[in-house]
Visitor: 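I'd like to ask you about the structure that follows.
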Amino acid sequence: MTQERYNPQVIEKKWQARWQEQHAFACSHDSSKPKYYVLEMFPYPSGNIHMGHVRNYAIGDVVARAKRMQGYNVLHPMGWDAFGLPAENAAIKNHTHPAKWTYANINNMREQLRRLGYSYDWSREIATCRPEYYRWEQLFFLRLLEKGLVYRKKASQNWCPSCHTVLANEQVIDGLCWRCDSRVVQKDLTQWFLKITAYGDELLQDLTRLKGGWPERVLAMQRNWIGKSTGASITFGLEKKVQGVDRLEVFTTRPDTLFGVTFVTLAPEHPLVEHLLDGYEHADEVRAFVERIRNMDRIDRQSDTLEKEGIFTGAYAIHPLTGERVPLWLGNFVLADYGTGAVMGVPCGDQRDFEFARKYDLPIRVVVEPRGEHLDPDRMTEAYTGPGVMVNSGAFDGMDNETGKEAITKALEQQGRGKGTTQFRLRDWNISRQRYWGTPIPVVYCEHCGVVPENENNLPVLLPLDAHVRDDGRSPLPETENFVACTCPRCGQPARRETDTMDTFVESSWYFARYTSPRDDVTPFDTAALTYWLPVDQYIGGVEHAILHLLYARFFTKALRDLGFYPPALDEPFSNLLTQGMVLKDGGKMSKSKGNIVAPSEMIEKYGADTVRLFCLFAAPPERDFDWSDAGIEGASRFIGRVWRLFAEEEAHLLPLKACQSDAQDATTPQARELRRREHLTVQKCSEDMGNRFQFNTAIAAVMELVNAMYLAREHLRGSDGGRRIFSSAMASVLTLLSPVTPHVCEELWERLGHTTPLAAELMPRWDAAATAQEMLEVALQVNGKLRGTTHVPAGADKTAMEQAALADSAVQRHIANLTVRKIVVVPGKLVNIVAN
RNA sequence: GCCCGGAUGGUGGAAUUGGUAGACACAAGGGACUUAAAAUCCCUGGCUCAUUGAGUGUGCGGGUUCAACUCCCGCUCCGGGUACCA
């Protein structure tokens, strides 16, 4: 028995070359088959694929291959999220150009992905930094602008001093830049915004439609982030009219407590503040207060340890229902950019207001009491925020406070002093970036015409590749004269181009749609292709994008739908989302500083791509983190070797069967029947686990069991034609079931088995329920719920037969010897529980 | 604080609808092969006591049930999200 050792390097290169030559995984529109679009979040071309990518893409590849084998027409594309700041930083460091660096990285990483054997349709590859791609983004920008979904505004912005650019709210994590962890500061700038808030309600609403398809925690995170509150905006009058203004709006979620208002608090930044101070004797003190709070760091100001501080403005508001005078205060805890920047102070029903009132000796008036209790304002130690009955509220006394919310809102509406309204925590998306390596924003500034959108016919506005990267890290665009100098599309006079580029999250908000017609140079999307392929059936990526990318992409989808680029029925881009866990080392993140990075290339060199893929999928279920272990990958390697040896050692007896091709007549011995049963059971389990449940670890475990059984049965089965058929069929099943996970070695052995068509083109075998049936079933025997033994009964045994088998068992008899049997519970084919006392 | 997860052997993890807890793998121990080792193949294994066997066991405390890792109530710890958002 001569046999060559398993040599993954040779086998894998052979099959990768073949797949590449034959464009093996290219797909096209085919309405005769059900479509399946599986997509993994595309990588930033940082230079090298890391283990997180390997795992993410291994999961996606098994899904893609398994779905193909289930008869679907599968779209499985790959591309590059190629704009972004690291290219600029690398360019400075290595004295190169961001474009050169990026394209070199793409070439390198493409080879690394090929070396892993992923079944991508490479003919659809895209890179977002190519004008053929970003030209459409510029078109979207212009159309969004036309529709009023893009606007320009000056406001205080998150500024990362290290990246020299602004950041959107979603990109500031705990006060730090999401990319470089620098402390973010505030800066007043005029920026371009996408009106994501216009879709706040829909983004929230449609989360319910994603239930089941998306992980609950991602839905919860988005719900939190959108942060919708329902309440009322209420108009207080001003005692003294200032600058022609005689009213003040507040937002509250508790209109039922309106009668408990004993003061009103404004944000120090509130536009009315300066006017209110006019003529007030202590105005300078108040101004000093405002100045002090304004100068505070935003992070410090929002920390929960910040002490509540306020100051009286000397002015009064008029209560909308009682007409009472209510003092106007400023408070350091009132946010200028949420709601109206002003809140009504209700000490009895809001903990902050309670503390504020106690600190500054403001009156407390109880307006909601728990049913059956009486609250004494002087003795309260905290606000009462629970449900209850309304008191001290005029005509509303005695009302349930929930009913009161609506009743008071209605009363305010009738008097024109308020209305029911909602507020969102979500803010508009600042997409301006003071960076070079990004999509140019297609507008110009003209001395005569102002801000003018570029003419659509002039697109793309090309990012100049001859710009010189600056050593100080700032964008070179403003000083790249051949870019900045332009003519006004409206009046034809000389004008200046916008030098900010777009947030790179804009590119990733629509790339999945571009894959459906990636080379179309007439329209961004071919309608037929788009309608056929979208939405993405299965999206796979890291949970770190739960809010960022996934929220932006959902919003962009709705916006492009409303612009007519997407079909009207396409509301959500990703029907199902799988968030894979991280690959850890020694219980923590892999990082350069810890020096614990496991390089995929080294692992592939040592064990081969199949082993690396197998280990990534076997070590843990996909959504869980897993710790990379050297012993673990050894085990994966050993298993492939075990399959290889089993094949090689039995090769002389193997017949070129396909999976599940032996028939019942071949099974002339109990061992043969048992192996055939195992084979069919394994097919059943894998179809479920791999194709539907995405539990690859258990699917692989099932194949391991089959292989173990084959080792034990092989000698016996060698002896007969039937036995050889049973064994060969089982071998074919092993290769077929494993092929989505370890495609190279499976194709190789498949070919050696005598097949001339690739395994990847096979359909998953169907298991035969008859083959999985057993003649004798093992039955658990319990006495009072405790396992006392097992016995065997014929498959069709009825309850009486099972009862009798149980009572006949010696262990059972021993345990019921001195007891009276009260009841016997029988689960057919499973268990008998004898209740006795 | 609020919202989502999670907790099972020495380790990673199984248990799909309430029905034999610990599949599969790693690490460990034993055996076979070998001059020897590696590799490979086979076997053992939750814990405690014991001879067959018994007790006990899925973070903790209760409950429902003939039967609970699974369902219900009350906690603890860990992870993630979010937070003076009115």
Side-chain angles (χ1 to χ4, degrees), chain A residues 5 173-174 215-225 227-229 231 250-254 257 265 267 301-308 331-335 337-346 349-353 355-356 423-427 543-544 546-547 615 618-621 623-636 638-639 641-642 645-646 649 685 688-689 692-693 695 697-705 707-708 711-712 778-790 811 814 822-836:
Chain A
R5 285 178 66 91
I173 318 281
D174 293 331
E216 189 52 46
R217 64 179 184 137
V218 175
L219 297 177
M221 283 188 222
Q222 293 217 352
R223 219 178 289 126
N224 273 342
W225 190 263
K228 180 177 178 174
S229 313
V250 304
F251 172 74
T252 181
T253 55
R254 295 291 305 274
T257 63
T265 320
R301 190 164 157 193
Q302 296 213 0
S303 97
D304 45 5
T305 52
L306 181 73
E307 190 174 333
K308 282 168 202 51
N332 62 346
F333 59 91
V334 181
L335 302 175
D337 58 353
Y338 182 79
T340 60
V343 292
M344 61 190 213
V346 186
D350 181 286
Q351 188 56 24
R352 280 164 311 190
D353 295 342
E355 288 166 24
F356 199 77
Q423 281 293 330
F424 290 89
R425 216 189 69 100
L426 180 72
R427 306 293 150 82
V543 74
E544 65 272 18
I547 301 173
F615 179 56
F618 180 66
E623 56 290 330
R624 209 172 311 190
D625 290 348
F626 87 86
D627 211 24
W628 184 269
S629 117
D630 296 333
I633 191 163
E634 285 286 348
R638 212 175 298 155
F639 173 66
R642 205 164 144 78
R645 273 188 304 279
L646 182 63
E649 286 166 18
K685 170 114 182 112
E688 182 58 25
D689 286 0
N692 300 332
R693 283 197 334 150
Q695 295 284 316
N697 55 331
T698 53
I700 293 163
V703 179
M704 286 174 170
E705 282 186 80
V707 170
N708 291 346
Y711 262 94
L712 296 180
E778 196 187 26
V779 171
L781 302 178
Q782 297 181 337
V783 176
N784 290 329
K786 285 186 179 172
L787 186 71
R788 295 303 177 186
T790 57
R814 212 167 50 242
R822 300 290 175 193
K823 185 176 174 186
I824 301 182
V825 181
V826 178
V827 181
K830 278 260 168 189
L831 151 156
V832 180
N833 186 15
I834 297 166
V835 186

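Being a predicted model, the structure only gives us computed values, none of them experimental.
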Visitor: Using a cut-off of 4.0 Å on non-hydrogen atoms, how would the nucleic acid contact of A/P215 be classed: base, sugar-phosphate, or nothing?
Guide: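 It contacts nothing in the nucleic acid.
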Visitor: Classify A/R788 by what it touches in the nucleic acid, base, sugar-phosphate, or nothing, heavy-atom distance under 4.0 Å.
Guide: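 Sugar-phosphate, no base atom in range.
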Visitor: Which part of the nucleic acid, if any, lies within contact of A/V827, taking any heavy atom under 4.0 Å across all strands shown: a base, the sugar-phosphate backbone alone, or nothing?
Guide: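 If one applies the 4.0 Å heavy-atom cut-off, A/V827 turns out to touch a base.
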Visitor: Find which nucleotide of RNA chain B each of A/V334 and A/V779 is nearest to by heavy atoms, and output the residue with the more 5' nucleotide.
Guide: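 Between the two, 5'-proximity favours A/V779.
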Visitor: Mind checking whether A/R788 and A/Q782 have side chains closer than 4.5 Å, heavy atoms only?
Guide: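 A/R788 vs A/Q782: side chains apart.
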Visitor: When both hydrogen-bonding distances must be under 3.5 Å and the geometry is Watson-Crick or G-U wobble, what is B/G59 paired with, if anything?
Guide: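 Paired with B/C75.
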Visitor: Tell me what A/I824 touches on the nucleic acid: a base, only sugar-phosphate, or nothing, going by heavy atoms under 4.0 Å.
Guide: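 Here A/I824 touches no strand at all.
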Visitor: Under 4.0 Å, heavy atoms only, any strand: does A/G635 hit a base, just the sugar-phosphate, or nothing?
Guide: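 Counting heavy atoms under 4.0 Å across all strands, the contact made by A/G635 is with sugar-phosphate only.
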Visitor: Scan every strand shown for a Watson-Crick or G-U wobble partner of B/U52, both distances under 3.5 Å, and answer none if you come up empty.
Guide: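 Paired with B/U52, as far as the under-3.5 Å criterion goes, is no nucleotide at all.
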Visitor: Measure the CG-CG distance between A/L831 and A/L787 for me, rounded to the nearest 0.5 Å.
Guide: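 Here the rounded value is 8.5 Å.
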Visitor: Using a heavy-atom cut-off of 4.0 Å across all strands, would you classify A/R642 as base, sugar-phosphate, or nothing?
Guide: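 Counting heavy atoms under 4.0 Å across all strands, the contact made by A/R642 is with sugar-phosphate only.
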Visitor: How is A/N784 classified with respect to the nucleic acid when contacts are heavy atoms under 4.0 Å: base, sugar-phosphate, or nothing?
Guide: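 It contacts nothing in the nucleic acid.
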Visitor: Using the side-chain heavy atoms of A/R624, tell me which of these nucleotides is nearest: B/A14, B/C85, B/U16.
Guide: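 That would be B/A14.
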Visitor: Which part of the nucleic acid, if any, lies within contact of A/F639, taking any heavy atom under 4.0 Å across all strands shown: a base, the sugar-phosphate backbone alone, or nothing?
Guide: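 No contact.
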Visitor: Closest nucleotide of RNA chain B for A/I173 versus for A/V218: which of these residues is on the 5' side?
Guide: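 Closer to the 5' end of RNA chain B: A/V218.
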Visitor: Would the base of B/U20 count as contacting A/K786 through its side chain, where contact means a donor and an acceptor less than 3.5 Å apart?
Guide: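 Looking at the base of B/U20, it does not pair with any donor or acceptor on the side chain of A/K786 (distance under 3.5 Å).
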Visitor: Under 4.0 Å, heavy atoms only, any strand: does A/N708 hit a base, just the sugar-phosphate, or nothing?
Guide: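 Touches sugar-phosphate only.
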Visitor: Indicate the atoms forming the closest heavy-atom contact of A/R427 with A/D337, along with that distance.
Guide: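 Smallest heavy-atom distance, with atoms named: NH1-OD2, 3.1 Å.
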Visitor: Only pairs with both distances under 3.5 Å count, Watson-Crick or wobble alike; so what is the partner of B/U16 in this structure?
Guide: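 Across any shown strand, B/U16 pairs with none.
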Visitor: Hey, does A/K228 reach any base, or is it just sugar-phosphate, or nothing, if we go heavy atoms under 4.0 Å?
Guide: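 The residue A/K228 makes no contact with any strand.
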Visitor: Indicate yes or no for a side-chain donor-acceptor contact from A/N833 to the backbone of A/V825 under 3.5 Å, with no hydrogens or angles considered.
Guide: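 Looks like no, no N/O pair under 3.5 Å.
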Visitor: Considering only heavy atoms and no angle criterion, is a donor-acceptor pair shorter than 3.5 Å present between the side chain of A/K823 and the base of B/C66?
Guide: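 Under the 3.5 Å cut-off, the side chain and the base do not form any donor-acceptor pair.
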Visitor: Base, sugar-phosphate alone, or nothing: which one does A/R638 contact when heavy atoms must sit under 4.0 Å apart?
Guide: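 If one applies the 4.0 Å heavy-atom cut-off, A/R638 turns out to touch the sugar-phosphate alone, with no base involved.
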Visitor: Tell me which nucleotide, if any, is Watson-Crick or G-U wobble paired with B/U40 when both distances must be under 3.5 Å.
Guide: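 B/A32 is the nucleotide pairing with B/U40.
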Visitor: Hey, are the side chains of A/R645 and A/Y711 touching, using non-hydrogen atoms and a 4.5 Å cut-off?
Guide: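 Yes. Closest side-chain heavy atoms under 4.5 Å.
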